[in-house]
Amino acid sequence: MLTLPLEAIDKQEALRYMGCPAEPDEALQTVVDTCEQQLRRTVQPRVVYRVLPLCREAGTLSAGGMQLTGEDIARHLAECDRMLLMAATLSGQADQLIHRAGISDMTRSLAMDALASAGIEQVCNRAEECFREQLPDTYFTWRFSPGYGDLPLSLQPEILRLLDAEKRLGLTVTTEHILIPRKSVTAIIGLADHPLKKGARGCATCRMRETCMFRKGGTHC
């Protein structure tokens, strides 16, 4: 397990998540600054991971007994012989901060939520740097999470089981396949001993592309 500090959060990224202009007014900037400091003091980012061999039998792709359904994940892992399965969380403290802020101040709650979203991505990026340091002669795909393309969210319980994430991170999943704590991520990274072609990434693989507010605004997440 990796225990990673939450470095300074990209506030411009958080403001973008909030749908705010790049140059917020002084009052909003103060709220964002205060929330960022409180979030970094409070949360306890942790990551668990496991490398699993990929099995291809009778047209079925699997790892650790978990069937990986869908054409998109098959393409993503096509040149790989193993994969790194990971789960990351900011801890339940992030959810608590967002909830408490929402009781009395929706702007503060929105800022805290956006900062936490930016923060968990930074934690995942830092974890990936650690993976690359630990596997120096290995080539990596980018992270592919349940919900991307046609990889179903229903894989979440099996991912948590394979990682023993409930015991190690306190990470659970609802009947609707939503991770709790909410500011958590699971992902699959393909691994190989040879250079990999860059696969499709972004809006084309996202199941939210038709309703995404970022796309409507001419940008992306």
Side-chain angles (χ1 to χ4, degrees), residues 1-2 6 17-18 39 42-52 54-55 60-77 83-103 106 109-110 112-124 127 142-190 201-215 221:
M1 180 167 66
L2 301 175
L6 182 56
Y17 287 163
M18 295 171 69
L39 191 68
T42 306
V43 299
Q44 299 175 334
R46 290 172 296 163
V47 180
V48 293
Y49 62 98
R50 182 179 177 187
V51 174
L52 297 167
L54 289 169
C55 179
T60 299
L61 177 65
S62 65
M66 175 177 65
Q67 187 172 340
L68 301 170
T69 59
E71 297 179 359
D72 294 318
I73 192 64
R75 281 193 294 268
H76 188 68
L77 300 174
M83 73 179 203
L84 188 148
L85 188 64
M86 65 172 286
T89 184
L90 289 188
S91 72
Q93 285 90 333
D95 289 9
Q96 292 171 12
L97 287 174
I98 295 166
H99 174 71
R100 289 170 186 167
I103 294 174
M106 289 308 298
S109 179
L110 180 61
M112 195 74 78
D113 188 279
L115 285 160
S117 293
I120 188 61
E121 284 301 309
Q122 289 180 197
V123 168
C124 288
W142 52 273
R143 298 190 301 270
F144 201 105
S145 293
Y148 287 4
D150 57 5
L151 184 66
L153 282 171
S154 57
L155 281 180
Q156 298 285 37
E158 185 69 1
I159 291 174
L160 298 193
R161 185 191 67 79
L162 285 169
L163 293 171
D164 197 17
E166 182 172 1
K167 179 179 179 180
R168 301 172 73 191
L169 297 182
L171 192 56
T172 60
V173 62
T174 70
T175 54
E176 292 79 25
H177 311 302
I178 303 300
L179 294 174
I180 302 295
R182 293 291 298 271
K183 297 307 176 180
S184 304
V185 170
T186 61
I188 292 167
I189 302 173
R201 185 175 187 177
C203 299
T205 62
C206 180
R207 65 171 56 197
M208 298 297 291
R209 58 186 175 272
E210 300 303 327
T211 58
C212 178
M213 295 305 295
F214 289 117
R215 293 187 75 211
C221 68

[X] versus [Y]: any side-chain heavy-atom pair under 4.5 Å?
X      : Y      : value
Gln122 : Pro45  : no
Thr186 : Leu155 : no
Arg143 : Cys124 : yes
Leu169 : Met1   : yes
Tyr49  : Leu2   : yes

Let's go through Val48 and Leu171 carefully: what are the C-alpha distance in whole Å and the side-chain angles of both, what is the deciding distance for side-chain contact (heavy atoms from CB on, under 4.5 Å) to 0.1 Å, and is it a yes or a no? CA-CA 11 Å; Val48 293; Leu171 192 56; over 6 Å; no
So, applying side-chain contact (heavy atoms from CB on, under 4.5 Å) with Lys183, which one of Ile98, Leu39, Val43 is it? Ile98
For the pair Tyr148 and Trp142, name the ring-plane relationship: parallel under 30°, tilted 30 to 60°, perpendicular over 60°.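 Geometry flag for Trp142 against Tyr148: tilted rings.
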Rounded to the nearest 0.5 Å, how far does [atom2] of [Y] lie from [atom1] of [X]?
X      : Y      : atom1 : atom2 : value
Arg46  : Ser184 : CZ    : OG    : 9.5 Å
Leu163 : Leu85  : CG    : CG    : 4.0 Å
Met83  : Ser62  : CE    : OG    : 9.0 Å
His76  : Leu151 : NE2   : CG    : 9.5 Å
Thr172 : Ile178 : OG1   : CD1   : 11.5 Å
Thr89  : Arg168 : OG1   : CZ    : 13.5 Å

Would Ile159 and Val173 count as a side-chain contact (heavy atoms from CB on, under 4.5 Å) here? Give the steps. CA-CA 10 Å; Ile159 291 174; Val173 62; over 6 Å; no
Can you find a side-chain donor-acceptor pair between Gln93 and Ser91 that sits under 3.5 Å?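 Note: Gln93 and Ser91 side chains meet the donor-acceptor criterion.
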So does Gln96 have more than 12 non-hydrogen atoms from other groups sitting under 6.0 Å from CD? yes
May I ask you to check whether over 12 heavy atoms, not counting those of His99, lie within 6.0 Å of atom NE2?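 No, NE2 of His99 has 12 or fewer neighbouring heavy atoms, counting only those of other groups under 6.0 Å.
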Grab the two heavy atoms, one from [X] and one from [Y], that are nearest each other, plus how far apart they are.
X     : Y      : value
Gly64 : Arg161 : O-NH2, 4.1 Å
Tyr17 : Ala118 : CE1-N, 3.5 Å
Val47 : Ala88  : CG2-CB, 3.7 Å
Leu68 : Leu77  : CD1-CD1, 3.9 Å

Strictly distance-based, threshold 3.5 Å: is any side-chain N or O of [X] a donor or acceptor partner for the main-chain N or O of [Y]?
X      : Y      : result
Arg50  : Asp164 : no
Ser109 : Ala101 : no
Asp95  : Pro181 : no

Criterion side-chain contact (heavy atoms from CB on, under 4.5 Å) on Leu179 and Val185, from CA distance to verdict: CA-CA 8 Å; Leu179 294 174; Val185 170; 5.7 Å; no
Test side-chain contact (heavy atoms from CB on, under 4.5 Å) applied to Asp72 and Asp150, step by step: CA-CA 6 Å; Asp72 294 318; Asp150 57 5; 3.0 Å; yes
